[in-house]
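Below is one structure, written out as structure tokens; the observations come after it.
So that the names make sense, note that chain A is the first sequence line, chain B the second, and so on, each numbered from 1.
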Amino acid sequence: MDKRQHASVLLSWYDEHARVLPWRVGPKSGRDVRADPYHVWLSEIMLQQTVVKTVIPYFETFLARWPTVFELAACDQEDVLKRWAGLGYYARARNLHACAKVVVSRHDGVFPSDEQQLLALPGIGPYTQSAIRAIAFGKRAGVVDGNVERVIARLYALKKPVREIKSQIQDKAFALTPASRPGDYAQAMMDLGATICTPKRPACARCPLQENCLALKGDCAAALPVRAAKKPKPVRTGTAFLVLREDGCVLLRQRLDKGLLAKMLEVPSRGWIEGQKNARNESAPVQAQWQQVPGFITHTFTHFHLQLDVQCAHVSADHPVLAAADRARCRWVPRHELGEQALPGVMRKILSHGFGEPL
DNA sequence: AATTCGGGGGG
DNA sequence: CCCCCAGAATT
């Protein structure tokens, strides 16, 4: 099967099996209908390392709140962080807002179709750049994400660690990309990887490319691609402090501008340290009579496990926050407004555990 | 070239 | 539990 047949077979499969997604136009709604670059960009940022099902409700919320890049560029960053809360990788949200501002201020609100201009925008890397050019502008770009990486590795039975053959995979992906409907082709490859050519137990019997697949021929599809061994995740422990004011407000604090969960809100805590020796050096955010909440919460980040116990205290309305440096970042939030704050998943777990009920 | 960034769904 | 996901930025 040559390259033209490959693309033709895959596009036929896509025309019949394509999933209906809110940012996707077609494929049956017409040949030259291209998706709105703003929609494509927004969805692609959200889809970085995040599965389609998780993204859909966030995409709908963002589009309803900010119909165009102009509204998004004009809003406050914290508003973006609030609506991104729970989606993870929060640098994406900060870069999203920064990118919108640049597109408005330097490109008159029109997304560029040029590779270098796209790469210059915050949050847009090699993958997102090519996806936008193919899907929104109909350019012939080699779109390689984790799905395509796996499909290509199997099609050609590439048995070296993918780390070492990135450029080879990129070259083959581009070579296979047709001049017509490159956006549909890219989405077809990704859909194939997500639904047929899955990491474990691929459904080769239902694959439109089975005649073309060297891995299937060599009976090694499930073993590809070869990825580097992962390092074990250490366990960090600490204590969270849930401060309840008599008027029903909870003490929250904005995190630092850099690092884990940067600029998001948090329940004040100490520790997050491997082992337990130095966990008692830092102090609580206020002086109070602390009461241990029975049990603990656990949360797993990309590179460590976290286990926190939760201490709870009730304070009066004029109670001072201890650390002067913290006061600027601290705020009292009514309990019924917690759900709409820029609180990451782990912070919501802490609050739910402390209150004994979901936010 | 390695590490740092979240969170959740599926085996 | 472990895997990986429409990756990018930083070191």
Does dG6(B) pair with anything, Watson-Crick or G-U wobble, both distances under 3.5 Å, and if so, with which nucleotide?
-> none
Closest to the R150(A) side chain: dA6(C), dG6(B), dC5(C)?
-> dC5(C)
Rounded distance in Å - CZ (R94(A)) to P (dT4(B)) | 16 Å
In whole Å, what separates the C1' atom of dC4(C) from that of dC5(B)?
-> 16 Å
Taking only N and O in the side chain of Q49(A), is any of them less than 4.0 Å away from OP1 or OP2 of dG7(C)?
-> yes
Integer-rounded Å distance: dG6(B) P and L260(A) CG | 5 Å
Under 4.0 angstrom, heavy atoms only, what part of the nucleic acid is G193(A) near: base, sugar-phosphate, or nothing?
-> nothing
Hey, does L21(A) reach any base, or is it just sugar-phosphate, or nothing, if we go heavy atoms under 4.0 Å?
-> base
How do K200(A) and G86(A) order along DNA chain B: which one's closest nucleotide is nearer the 5' end?
-> G86(A)
Which comes earlier along DNA chain B counting from the 5' end, the contact point of K53(A) or that of K231(A), where each point is its nearest nucleotide?
-> K231(A)
Under the 3.5 Å rule, do the base of dG6(B) and the side chain of T50(A) count as making a donor-acceptor pair?
-> yes
So if you build clusters from Ile, Leu, Val, Met, Phe, Trp, Tyr with side-chain heavy-atom gaps below 4.5 Å, do V346(A) and L265(A) land together?
-> yes
Is any side-chain heavy atom of T239(A) less than 4.5 Å from a side-chain heavy atom of F296(A)?
-> no
Answer yes or no: does a side-chain N or O of H303(A) lie under 4.0 Å from OP1 or OP2 of dC5(B)?
-> yes
Between dA9(C), dC5(B), dA6(C), which nucleotide gets closest to the side-chain atoms of Y127(A)?
-> dA6(C)
What is the nucleic acid contact for F301(A), judged by heavy atoms within less than 4.0 Å: base, sugar-phosphate only, or nothing?
-> sugar-phosphate
Rounded to whole angstroms, how far apart are CE on M46(A) and P on dC5(C)?
-> 20 Å
Compare side-chain N and O positions of H299(A) against OP1 and OP2 of dG7(B) and report whether any pair is under 4.0 Å apart.
-> yes
Side-chain N or O of R227(A) less than 4.0 angstrom from OP1 or OP2 on dC3(C)?
-> no
Which nucleotide, dG6(B), dA6(C), dG7(B), lies nearest any side-chain atom of R92(A)?
-> dG6(B)
In whole angstrom, give the distance that lies between atom CG of L47(A) and atom C1' of dG8(B).
-> 14 Å
Presence of Y90(A) side-chain N/O under 4.0 Å of dG7(B) phosphate oxygens OP1/OP2 | yes
Please determine if a side-chain N or O atom of K230(A) lies less than 4.0 Å away from the OP1 or OP2 oxygen of dC4(C).
-> yes
Interatomic distance where CG belongs to L343(A) and P belongs to dG7(B) [whole Å] = 11 Å
Using the closest heavy atom to pick a nucleotide of DNA chain C for each, name whichever of I124(A) or D145(A) lands nearer the 5' end.
-> D145(A)
Determine, using the 4.5 Å side-chain heavy-atom cutoff (strictly less than), whether V51(A) and V40(A) are members of one ILVMFWY cluster.
-> no
Integer angstrom distance from the P of dG8(B) to that of dA8(C) = 22 Å
Salt bridge check: are R227(A) and E149(A) linked by an N-O gap of less than 4.0 Å?
-> yes
Separation between the C1' atoms of dC5(C) and dG6(B), rounded to whole Å | 12 Å
Is it true that E337(A) and K82(A) make a salt bridge, defined as a side-chain N closer than 4.0 Å to a carboxylate O?
-> no
Send over the distance from I45(A) CD1 to dC5(B) P, rounded to a whole Å.
-> 19 Å
Aromatic W272(A) / basic R255(A) pairing, under 6.0 angstrom, 45° off normal = yes
Among dA8(C), dA2(B), dA6(C), the one nearest W23(A) by side-chain distance = dA6(C)
Carboxylate-amine/guanidinium proximity below 4.0 Å for E78(A) and R331(A) = yes
By nearest-heavy-atom nucleotide on DNA chain C, the more 5' of V52(A) and H305(A) is H305(A)
Check the distance between dC5(B)'s P and D257(A)'s CG and give it to me in whole angstrom.
-> 14 Å
Starting from P on dG8(B), measure out to CD on Q48(A) and report it in whole angstrom.
-> 18 Å
Go through dT3(B), dG8(B), dA6(C) for me and flag the one nearest to the T54(A) side chain.
-> dG8(B)
Can you check whether T128(A) has a side-chain N or O nearer than 4.0 Å to OP1 or OP2 of dA8(C)?
-> yes
